[in-house]
Amino acid sequence: YDKNYIAAHPDHLLSRFLYAMMDVDVPEGLPTKPDGTKDSTFPYRYYKTHYWDHVDFGEDGLVRMPVNLIKQKLNFYFDKLVSPDPDSCTKECNMILEKVKNTIDMEHFVIYHLTYKFETSKIMGQDAVFVDLAINNYCNGKAWWTDSTTVEKMCEAAVRKSSTLVGRIAPPLELLTPDSTWVNTASVQAPYTLMIFWDPTCGHCKEVMPKLAKVYEQNKQKGWKVIALASSDKKPEWLQYIAEHPEVKEFVHLRRGIVRSEEMAHNMQSYYIVANPTIFVLDKNKKILANRIDSEKIEEFIGHFEKE
């Protein structure tokens with residue numbers, strides 16, 4: 001029935017909607033590779049290549065249908081078909097944005113949805129996709145539907161996040177220790193540095209700190225170090241926690257807030273910390289290997305990293 005309706009009314013919005021709902025018809029059988037073996041990846045590659053064939057990106061009405069098919073297809077595409085690494089996701093986002101650039105509602109929805117999707121992604125490294133989308137769309141005036149206050153906040157978040165993406169060098173911080181000694185985080189020498197932003201009155205932080213201490217204890221012979229950066233306005237609670245928890249006594253304890261230079265104030269702002277605790281993993285050169293990682297996954301992550 002759907003195919004008959006589409007054939008009879010090819011220009012109707014409903015026809016375009018029904019056509020977009022049709023799945024990719026993957027040819028049966030596997031082609032043979034030059035070495036004589038069957039190409040088992042062919043179905044996936046064919047499906048991904050032709051995934052958008054039935055979607056008319058020039059039809060704004062598709063995003064106003066009772067069922068938001070474009071949202072469903074975008075989510076499936078990025079969740080199931082695209083490699084989750086930020087370079088692949090950014091490339092695919094730009095490909096789709098190129099298809100919708102001469103539309104109104106379609107471009108509006110795609111930019112909004114992809115930006116939100118990667119801003120809220122739980123997959124490490126995908127904040128880089130958000131940064132690219134925000135800077136190239138919201139900050140470049142393409143998000144005409146958004147008020148100036150929202151654009152300003154979006155751009156501030158993107159610019160600040162851009163400094164601490166995976167692969168960047170962690171901005172150095174020069175802060176005070178409990179005994180009022182200045183320490184620069186760049187001076188902490190270690191093959192791996194675990195940097196945690198925390199608050200001594202935060203319940204979740206109190207759960208994570210002992211777990212991080214256990215990770216440190218199991219790896220300190222390898223030279224691993226922990227830099228714990230506490231909230232600036234909780235000095236008494238900070239000192240009390242350190243005194244009452246000997247398991248964290250070997251951490252490099254620093255307190256955020258007081259800095260000695262404009263450069264260090266700027267570097268502090270570069271860390272876009274929206275929740276405590278937040279953990280970064282740095283290599284020996286202070287390059288960020290992981291950001292916003294769970295304490296339970298640190299050892300597994302570094303073990304996997306060392307095998308690559």
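One is the number of the first residue; the rest follow in order along the sequence.
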message: Would the distance check show the side chain of Asp147 and the main-chain N or O of Thr149 forming a donor-acceptor pair, the cut-off being under 3.5 Å?
response: yes
task: Say whether, by atom type as modelled, one donor and one acceptor occur between the side chain of Arg255 and the main chain of Ser232 under 3.5 angstrom.
output: yes
query: Rounded to the nearest 0.5 Å, how far apart are SG of Cys202 and CE of Met209?
result: 10.5 Å
message: Heavy-atom count check: over 12 atoms from other residues, nucleotides or ligands less than 6.0 Å from Lys99 NZ?
response: no
field: Contact check, side chains of Ile96 and Leu74, non-hydrogen atoms, under 4.5 Å
entry: yes
- request: Please state whether the rings of His9 and His12 are parallel, tilted or perpendicular, taking 30° and 60° as the class boundaries.
  value: parallel
- prompt: Lys284: what forms a salt bridge (charged side-chain N to carboxylate O under 4.0 Å, His left out) with it, not counting sequence neighbours?
  reply: none
field: Student check: side-chain heavy atoms of Ile293 and Phe280 closer than 4.5 Å
entry: no
query: How many angstroms lie between NZ in Lys117 and OG1 in Thr120, if you round to the nearest 0.5 Å?
result: 7.5 Å
field: Shared hydrophobic cluster for Trp144 and Val110 (ILVMFWY, side-chain gaps under 4.5 Å)
entry: yes
message: Taking the side chain as everything from C-beta on, heavy atoms only, tell me whether Glu59 gets closer than 4.5 Å to Phe17.
response: no
- request: Using the six-membered ring wherever Trp is involved, compare the ring planes of Phe305 and Phe301 and label them parallel, tilted or perpendicular (cut-offs 30° and 60°).
  value: parallel
field: Donor-acceptor pair, side chain of Ser121 and main chain of Ile123, under 3.5 angstrom
entry: yes
- prompt: Under the side-chain contact (heavy atoms from CB on, under 4.5 Å) criterion, do Lys73 and Val55 qualify, and how do the steps go?
  reply: CA-CA 10 Å; Lys73 289 188 74 71; Val55 177; 3.5 Å; yes
- line: Rounded to the nearest 0.5 angstrom, the CG-CZ distance for Asp105 and Arg64 is 4.5 Å
task: Look at Asp39 together with Arg45 and state whether they make a salt bridge at an N to O cut-off of under 4.0 Å.
output: yes
- request: Take Phe109 and Trp145, measure what ring-ring contact (aromatic ring centres under 6.0 Å, His included) needs, and give me the verdict at the end.
  value: CA-CA 10 Å; Phe109 176 76; Trp145 61 87; over 10 Å; no
- line: For Leu165 and Val131, the nearest pair of non-hydrogen atoms, with its separation, is CD2-CG2, 4.1 Å
task: Report yes or no: does Ser180 contribute a side-chain atom to a donor-acceptor pair with the main-chain N or O of Leu176 at less than 3.5 Å?
output: no
- prompt: Same cluster for Ile135 and Leu97 if Ile/Leu/Val/Met/Phe/Trp/Tyr side chains link at under 4.5 Å?
  reply: yes
query: How long is the span from the CG atom in Asp2 to the OG atom in Ser15, to the nearest 0.5 Å?
result: 9.5 Å
query: Are Glu156 and Lys161 close enough for a salt bridge, meaning some N to O gap below 4.0 Å?
result: no
query: Just by distance, with hydrogens left out, do Asp85 and Ser88 show a side-chain donor and acceptor under 3.5 Å apart?
result: yes
query: Would you call Asp199 and Lys234 a side-chain contact if the rule is heavy atoms closer than 4.5 Å?
result: yes
side-chain contact (heavy atoms from CB on, under 4.5 Å) between Arg168 and Thr164, intermediate numbers included: CA-CA 6 Å; Arg168 301 286 174 87; Thr164 52; over 6 Å; no
query: Is there a donor-acceptor pair closer than 3.5 Å between any side-chain N or O of Tyr271 and the backbone N or O of Ser163?
result: no
- prompt: Is Val208 linked to Ile298 within one hydrophobic cluster, defined over Ile, Leu, Val, Met, Phe, Trp and Tyr using a side-chain heavy-atom separation of less than 4.5 Å?
  reply: yes
Residues Lys101, Glu107: salt bridge by 4.0 Å N-O rule: no
message: Does either side chain, that of Tyr47 or that of Asp23, offer a donor lying less than 3.5 Å from an acceptor on the other one?
response: yes
message: Can you tell me how the ring of Tyr51 sits relative to the ring of Phe76, calling it parallel under 30°, perpendicular over 60° and tilted otherwise?
response: parallel
- prompt: Looking just at side-chain N and O atoms, do His304 and Glu308 make a donor-acceptor pair shorter than 3.5 Å?
  reply: yes
query: Under 6.0 Å from the NZ atom of Lys220, do we count more than 12 heavy atoms belonging to anything else shown?
result: yes
message: Under a 3.5 Å distance rule, please check whether Thr185 uses its side chain to pair with a backbone N or O of Leu173 as donor and acceptor.
response: yes
message: Are Lys48 and Tyr44 packed together at the side-chain level, in the sense that at least one heavy-atom pair is separated by less than 4.5 angstrom?
response: yes
- prompt: Got a second to check how far Leu133's CG is from Thr90's OG1, nearest 0.5 Å?
  reply: 6.5 Å
message: Can you tell me how far apart CD (Glu152) and OG1 (Thr146) are? Round to the nearest 0.5 Å.
response: 13.5 Å
message: Check for me whether the distance between the ring centres of Trp198 and Phe251 falls short of 6.0 Å.
response: no
message: Between Leu13 and Leu62, is there a side-chain heavy-atom distance shorter than 4.5 Å?
response: yes
query: Can you tell if the side chain of Cys93 reaches within under 4.5 Å of the side chain of Asp132, non-hydrogen atoms only?
result: no
message: Atom CG of residue position Leu14 - does it have more than 12 heavy atoms of other residues, nucleotides or ligands inside 6.0 Å?
response: yes
message: For the NZ atom on Lys297, are there more than 12 heavy atoms of other groups (residues, nucleotides or ligands in this structure) within a distance under 6.0 Å?
response: no
task: Could you walk me through whether Arg16 and Asp11 pass the side-chain contact (heavy atoms from CB on, under 4.5 Å) test, one step at a time?
output: CA-CA 7 Å; Arg16 289 171 178 164; Asp11 295 327; 4.0 Å; yes
Test ring pair (Phe, Tyr, Trp, His ring centres under 6.0 Å) applied to Phe118 and Phe78, Tyr112, Phe130, the passing residue: Phe78
message: With clusters defined by side-chain heavy atoms of hydrophobic residues (ILVMFWY) lying less than 4.5 Å apart, directly or transitively, does Val281 cluster with Ile169?
response: no
query: Is a side-chain donor-acceptor pair under 3.5 Å present for Thr37 with Asp35?
result: yes
message: So does Glu296 get a backbone contact from the side chain of Asp294, meaning a donor-acceptor N/O pair under 3.5 Å?
response: no
query: Is it true that the side chains of Asn94 and Lys91 contain a donor and an acceptor less than 3.5 Å apart?
result: no
- prompt: Is it true that the side chains of Asp79 and Asn75 contain a donor and an acceptor less than 3.5 Å apart?
  reply: no
query: Backbone N or O of Thr201 within a donor-acceptor pair of the Tyr241 side chain at under 3.5 Å?
result: no
message: Would you say CE of Met22 has more than 12 non-hydrogen atoms from neighbouring residues, nucleotides or ligands within 6.0 angstrom?
response: yes
field: Check: Ala143 main-chain N/O paired with Asn137 side-chain donor or acceptor under 3.5 Å
entry: no
- line: Test side-chain contact (heavy atoms from CB on, under 4.5 Å), reference Val215, set Ile279, Val226, Ile302, Leu194, output is Leu194
- prompt: Hey, mind stepping through Arg260 and Leu175 against side-chain contact (heavy atoms from CB on, under 4.5 Å) and telling me if it holds?
  reply: CA-CA 8 Å; Arg260 290 205 292 184; Leu175 301 168; over 6 Å; no
query: Quick one: does His50's side chain have a donor or acceptor within less than 3.5 Å of a partner on Val24's backbone?
result: no
- prompt: Under 6.0 Å from the CD atom of Glu244, do we count more than 12 heavy atoms belonging to anything else shown?
  reply: yes
query: Any side-chain heavy atom of Met124 within less than 4.5 Å of one from Arg292?
result: no
- line: In terms of heavy-atom contacts, Val248 and Ala213 come closest through CG1-CB, 4.2 Å
